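Below you'll find the structure, written out as structure tokens, and then a few comments.
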There are 2 protein chains.
Amino acid sequence: MDIEEGTPPQRLRALPSRLTNQAALVANRIVDRALAEAGARRYHYALLAASEEYGPSSQAALGRRTGIDRSDMVATVNDLAERRLLERAPDPEDRRRNIISITAAGRRELAHLDELLAAAQEDFLAPLGAADRRTLTDLLTRLVDHHRAEQGWTTPGPASRTG
Amino acid sequence: MDIEEGTPPQRLRALPSRLTNQAALVANRIVDRALAEAGARRYHYALLAASEEYGPSSQAALGRRTGIDRSDMVATVNDLAERRLLERAPDPEDRRRNIISITAAGRRELAHLDELLAAAQEDFLAPLGAADRRTLTDLLTRLVDHHRAEQGWTTPGPASRTG
DNA sequence: CCATATCGTTGGTTACGCCAACGTTGGCTC
DNA sequence: GAGCCAACGTTGGCGTAACCAACGATATGG
């Protein structure tokens with residue numbers, strides 16, 4: 001009796017927003033477990049990656065790149081600086097800013113996390129072939145870009161931002 | 001200067017798990033705002049929908065259907081019962097259980113939420129045509145189903161079947 | 001009868017994504 | 001130079017989703 005009692009209602013199964021959320025749940029669970037092997041979280045990886053790809057930057061700039069809030073950025077930088085994966089130094093040219101730079105150890109850690117993450121992606125996307133994977137990332141990219149434009153648009157002039 | 005400072009690092013942009021998460025963020029933001037118009041949250045909709053589609057059921061069964069944890073289910077049922085959208089009654093045949101039934105007002109509320117959600121989906125999927133939407137839901141469904149099978153399957157134990 | 005398991009419930013925890021406010025600093029305009 | 005506004009880092013907080021552990025009460029099956 002009650003076979004397949006775990007089947008969600010039709011309404012939920014057909015809801016793209018929920019489907020997306022469920023997929024994200026799965027993805028995050030897999031990724032979090034992978035990163036946890038190295039004692040890292042998603043924010044850590046994002047920050048290391050941004051730091052490596054864009055070179056020394058202020059916390060605010062890194063926040064804009066990664067989507068991490070300024071307040072959360074503080075804690076994340078604290079974590080990584082304590083572990084000597086990043087360095088935080090005052091900017092002599094603008095004393096409001098901290099300059100964040102990735103260290104050699106940070107690059108090594110990043111490379112390690114890259115490997116863990118690659119395996120996690122493989123896990124996550126297991127049921128899809130190469131073509132399907134490309135299609136999926138394409139569709140998701142279009143969605144995300146569209147909504148980022150719509151919202152990030154109010155970031156125009158020299159003033160009136162973040163406000 | 002610093003045009004497009006909001007561009008995420010390549011590593012993050014190419015990461016399917018992150019893409020999925022970003023899309024879910026967008027979807028949830030849109031959906032949450034829509035549901036908030038009716039003073040509802042996602043759990044509320046999920047529970048009403050399950051309650052309507054499967055008829056009177058125990059809290060645990062509804063939890064299995066919706067993926068809502070038993071502990072969270074208590075609070076969600078409380079919310080909806082207070083607003084007379086659900087009824088909670090002890091099961092005379094199994095005194096461990098509560099039987100949850102949707103009320104007439106609950107059905108009306110559900111219909112209302114259905115409309116709000118339909119508009120929200122439209123918003124979320126705006127950049128995609130009908131074919132792309134079908135492709136997306138298909139791919140996401142395959143992903144979610146795959147991982148649900150993988151995880152829900154390993155719950156065999158001595159008593160098998162749901163525990 | 002006894003072990004096991006399920007049910008509802010209470011009471012946590014984690015991380016993520018946010019927002020508000022503050023003091024400091026920089027730039028711009030008078 | 002004075003004043004004004006914006007940006008920066010930081011602190012502190014919020015809400016929610018998604019979990020887990022444990023409990024007493026009840027069913028079930030050996």
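For clarity, every value in this text was computed on a predicted model and none was experimentally measured. Labels below follow one simple rule: chain letters A, B, ... track the order of the sequence lines, proteins then strands, and each chain is numbered from 1.
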Notebook entry, point to check: Of the candidate nucleotides dC19(D), dG8(C), dC18(C), which contains the atom at the shortest distance from the side chain of Arg29(A)?
Noted result: dC19(D)

Next item on the list: To the nearest Å, give me how far apart CZ (Arg18(A)) and C1' (dA17(D)) are.
Entry: 12 Å

Check: Just how far, in rounded Å, is P of dG17(C) from CD of Gln22(B)?
Finding: 7 Å

Margin query: Does dT10(D) have its OP1 or OP2 closer than 4.0 Å to a side-chain nitrogen or oxygen of Gln59(A)?
Written below: yes

Next item on the list: Side chain of Asp72(A) only, please: which of dC16(C), dG9(D), dC18(C) is the nearest?
Entry: dC18(C)

Next item on the list: Ignoring the backbone of Ser71(B), work out which of dC18(C), dT9(C), dT10(C) is nearest its side chain.
Entry: dT10(C)

Note to self: Check Arg134(A) with Asp138(A), please: is the shortest side-chain N to carboxylate O separation under 4.0 Å?
What the structure shows: no

Next item on the list: Please determine if a side-chain N or O atom of Arg70(A) lies less than 4.0 Å away from the OP1 or OP2 oxygen of dG17(C).
Entry: no

Item checked: Nucleic acid contacts of residues 77-86 of chain B, taken as heavy-atom distances under 4.0 Å to DNA chain D -> none

Margin query: What is the separation between atom CG on Asp32(A) and atom P on dT14(C), rounded to the nearest whole Å?
Written below: 14 Å

Note to self: What is the distance, to the nearest angstrom, from the CZ atom on Arg42(A) to the P atom on dA18(D)?
What the structure shows: 12 Å

Check: How long is the line joining CD1 of Ile68(A) and C1' of dC8(D), in whole Å?
Finding: 17 Å

Next item on the list: Taking only heavy atoms on the protein side, list every residue of residues 91-103 of chain A lying under 4.0 Å from any atom of DNA chain D, sorted numerically.
Entry: Arg96(A), Arg97(A), Asn98(A)

Next item on the list: Would you mind reading off the distance between Leu62(B) atom CG and dT9(C) atom P, rounded to a whole angstrom?
Entry: 13 Å

Margin query: Return whichever of Leu25(A) or Ala61(A) has its heavy-atom-nearest nucleotide of DNA chain D closer to the 5' end.
Written below: Ala61(A)

Item checked: Between dA17(D) (C1') and His44(B) (NE2): distance, integer Å -> 13 Å

Item checked: Separation of dG12(C) P from Asp69(B) CG (nearest whole Å) -> 16 Å

Checklist line | Of the listed nucleotides dG8(C), dC19(C), dG17(C), the one nearest the side chain of Tyr43(A) | finding: dG17(C)

